[in-house]
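To start, the structure under review is shown below, and the notes come after it.
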Amino acid sequence: MANKKKWCTVLIIALVVIAAAVISVSEMQDGSLPTWDVLYGTAGLTETQTEPSQNNLTVHFIDVGQGDSILVQTPQENMLIDAGDNTQKKNLLAYLEEYGVTALDYAVATHPHSDHIGSMDDVLQALPVRSILMPRLSESNTPSNSSYQNFLTAVQQSGAKVIAAKPGMTFSMGQAEFTVLGPVSQAENINNMSVILRLDWGETSFLFTGDAETAEEKEILNGEYADYLEADVLKLGHHGSTSSSSKKFLQAVEPTYGIISCGVDNDYGHPHRETLDKAEKLGIQILRTDEMGSIRFTSDGQRLRWEPEYE
């Protein structure tokens with residue numbers, strides 16, 4: 001068997017050499033040389049691609065201090081999930097400009113707390129937006145704060161299509177598919193009204209949870225979309241607070257990476273030590289915006305790569 005493999009290798013090399021010689025003679029008549037693609041193609045071989053494909057997905061966990069903002073980019077489309085508080089508008093808009101965002105296909109307001117939607121009105125005023133995904137609140141849990149009122153005014157003026165998030169909804173951005181997993185039901189605690197999205201790109205997946213706490217996590221674990229939870233990358237709920245990221249939820253998601261978006265030396269003590277300890281015991285690699293700045297993931301549909309803004 002070893003001799004047979006050896007002779008096959010010798011035969012392939014010989015074919016490449018012969019092909020190169022034949023093509024070289026014909027090509028050199030007009031002064032040009034054959035490319036490696038031509039040589040390998042003539043011998044019936046294919047060149048191994050070493051450069052990453054341009055058809056990639058990029059997910060940016062943007063450093064907006066004590067808040068959330070996530071930019072999802074496919075080769076043709078953009079989605080922004082949350083926008084930090086209203087002190088972050090200049091930084092956020094500069095970041096979007098840096099990465100070539102001139103329009104949004106989707107803007108997602110996970111829930112109406114100012115550290116998630118505070119700068120969304122500025123984004124909606126600065127960029128054209130096709131669709132806005134948000135939870136449908138009841139009369140009793142609709143906030144009256146100025147951040148939410150400014151957001152609603154900007155939504156109305158944007159002319160974008162407004163979509164009330166419901167479990168089972170799916171949306172496409174090129175080859176990317178999003179599935180809504182929550183909110184499942186009305187809750188007085190607005191954190192548990194967070195829009196939860198699962199993103200699939202080829203064989204790689206992300207789960208975005210807003211500020212969902214254990215009550216909303218439990219509803220999904222006990223519901224018909226529990227099988228959708230497993231993902232490679234999890235944005236931990238509520239900035240790594242003990243109110244979120246129950247052990248059962250983390251075990252169901254079983255992520256390789258856990259992202260925590262929070263501010264340096266924030267007043268809430270996020271992320272909480274108990275959450276970090278749970279993640280460590282489950283083998284989840286935690287990446288934090290307060291330590292690394294903005295964190296950017298790239299997927300070619302099979303492999304994930306990530307890089308921090310700073311070490």
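In this structure, CG on Asn86 lies 8.0 Å from CG on Asp122, to the nearest 0.5 angstrom. Rounded to the nearest 0.5 angstrom, Leu287 CG and Glu307 CD are separated by 12.0 Å. Atom CD1 of Ile196 sits about 13.0 Å away from atom OG1 of Thr179, to the nearest 0.5 Å. Residue Asp82 holds its CG atom at 11.0 Å from CZ of Phe208, rounded to the nearest 0.5 Å. Annotation: the span from Asp200 atom CG to Phe206 atom CZ amounts to 10.0 Å, rounded to 0.5 Å. Note that the CD atom of Gln302 and the CD atom of Glu203 stand 5.0 Å from one another [nearest 0.5 Å].
Counting non-hydrogen atoms of other residues, nucleotides and ligands closer than 6.0 Å to CG of Asp267 gives a total of 12 or fewer.
Hydrophobic clustering, with ILVMFWY side chains joined whenever heavy atoms are under 4.5 angstrom apart, groups Ile70 together with Leu57. Taking hydrophobic clusters as Ile, Leu, Val, Met, Phe, Trp and Tyr residues chained together by side-chain heavy-atom distances below 4.5 Å, Val59 shares a cluster with Val180. Under a hydrophobic clustering in which Ile, Leu, Val, Met, Phe, Trp and Tyr are joined whenever their side-chain heavy atoms come within less than 4.5 Å, directly or via other members, Ile62 and Val123 fall into the same cluster. At a threshold of 4.5 Å between side-chain heavy atoms, the hydrophobic network of Ile, Leu, Val, Met, Phe, Trp and Tyr places Leu80 and Leu124 in one connected group. When the side chains of ILVMFWY residues are joined at heavy-atom separations under 4.5 Å, either directly or via intervening members, Ile81 and Met193 end up in two distinct hydrophobic clusters.
Checked against side-chain contact (heavy atoms from CB on, under 4.5 Å), Glu213 has the following partners two or more places apart in sequence or in another chain: Asn189, Asn191, Asn192, His238, Ser243, Ser244. Evaluation of the side-chain contact (heavy atoms from CB on, under 4.5 Å) rule for Glu280 yields Asp277 as partners, not counting sequence neighbours. Looking at residues two or more places apart in sequence or on another chain, you find no side-chain hydrogen bond (donor to acceptor under 3.5 Å, both in side chains) involving Thr275. Every residue two or more places apart in sequence or in another chain that forms a side-chain hydrogen bond (donor to acceptor under 3.5 Å, both in side chains) with Asp105 is listed here: Arg130. Residues passing the side-chain hydrogen bond (donor to acceptor under 3.5 Å, both in side chains) test with Gln66, sequence neighbours excluded: Asn266, His270. Applying the side-chain hydrogen bond (donor to acceptor under 3.5 Å, both in side chains) criterion to Glu216, with sequence neighbours excluded, gives no partner residue. A search for side-chain contact (heavy atoms from CB on, under 4.5 Å) contacts involving Ser144 returns nothing, not counting sequence neighbours. The side-chain contact (heavy atoms from CB on, under 4.5 Å) test applied to Glu139 returns no partner, not counting sequence neighbours.
Counting heavy atoms from C-beta on, the side chains of His111 and His116 come closer than 4.5 Å. Considering only heavy atoms from C-beta on, Leu181 stays 4.5 Å or farther from Glu219 through its side chain. Counting heavy atoms from C-beta outward, Leu197 and Leu133 have side chains that approach closer than 4.5 Å. Residues Met134 and Phe151 meet the side-chain proximity criterion, which asks for heavy atoms closer than 4.5 Å.
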Could you pull out all donor-acceptor pairs under 3.5 Å where a side-chain atom in residues 247-261 meets a protein atom, sequence neighbours excluded?
unit_1 : atom_1 : unit_2 : atom_2 : d
Ser261 : OG     : Gly67  : O      : 2.6

Taking distance alone, no hydrogens or angles, what donor-acceptor pairs closer than 3.5 Å link side-chain atoms of residues 226-236 to residues at least two apart or in another chain?
unit_1 : atom_1 : unit_2 : atom_2 : d
Asp232 : OD2    : Ser205 : N      : 2.9
Asp232 : OD2    : Ser205 : OG     : 3.4
Lys235 : NZ     : Asp68  : OD2    : 2.7
Lys235 : NZ     : Gly210 : O      : 2.7

Which atom pairs, one a donor and one an acceptor, fall under 3.5 Å between side chains of residues 87-101 and the rest of the protein, sequence neighbours left out?
unit_1 : atom_1 : unit_2 : atom_2 : d
Thr87  : OG1    : Asp85  : OD1    : 2.5
Tyr95  : OH     : His60  : ND1    : 2.9
Tyr99  : OH     : Arg296 : NH1    : 2.7

Just distance, no hydrogens or angles: give the donor-acceptor pairs under 3.5 Å from side chains in residues 153-164, sequence neighbours left out.
unit_1 : atom_1 : unit_2 : atom_2 : d
Thr153 : OG1    : Gln149 : O      : 3.0
Ser158 : OG     : Val155 : O      : 2.7
Ser158 : OG     : Ala160 : N      : 3.1

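Tested against Arg288, the residues Asp63, Ile295, Leu276 include a single side-chain contact (heavy atoms from CB on, under 4.5 Å) partner, Leu276.
Between the side chain of Glu309 and the backbone N or O of Ser294, at least one donor-acceptor pair lies under 3.5 Å. Here the side chain of Glu224 pairs no donor or acceptor atom with the backbone of Gly168 at under 3.5 angstrom. With Ser299 contributing its side chain and Gly301 its backbone, the two residues share a donor-acceptor pair below 3.5 Å.
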Evaluate Ser246 against Glu217 for side chain to side chain donor-acceptor pair (under 3.5 Å), listing each step before the verdict. CA-CA 8 Å; Ser246 68; Glu217 293 174 356; 3.2 Å; yes
Given the rule in the side chain to side chain contact (heavy atoms under 4.5 Å, CB included) test, do Trp306 and Met292 qualify, once you have shown the distances and angles that lead to the verdict? CA-CA 11 Å; Trp306 67 273; Met292 299 178 174; 4.0 Å; yes
Let me see the working for Gln175 and Thr74 under side chain to side chain donor-acceptor pair (under 3.5 Å), right down to the final yes or no. CA-CA 8 Å; Gln175 298 175 37; Thr74 70; over 6 Å; no
One pair to check against side chain to side chain contact (heavy atoms under 4.5 Å, CB included): Phe178 and Val72. What are the steps and the verdict? CA-CA 11 Å; Phe178 290 85; Val72 179; 3.9 Å; yes
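Heavy atoms only, all atoms of each residue included: Tyr148 and Leu137 are closest at OH-CD1, 3.6 Å. Here the closest heavy-atom approach between residue Tyr106 and residue Ser172 is recorded as OH-O, 3.8 Å. What you find for Pro167 and Val184 is that their closest heavy atoms are CG-CA, 4.0 Å. Ser194 and Ala212 get closest at one heavy-atom pair: OG-N, 3.4 Å. Scanning both residues, Asp211 and His113, for their nearest heavy atoms gives OD2-ND1, 4.3 Å. Scanning all heavy atoms of the two residues, the minimum distance from Ser147 to Ser114 falls at OG-CB, 3.5 Å.
Looking at Glu188 and Ser140, their side chains do bring a donor and an acceptor atom within 3.5 Å of each other. A donor-acceptor pair shorter than 3.5 Å can be found between the side chains of Ser138 and Asn141.
In summary, the aromatic rings of His239 and His272 are positioned with their centroids too far apart to meet the 6.0 Å limit.
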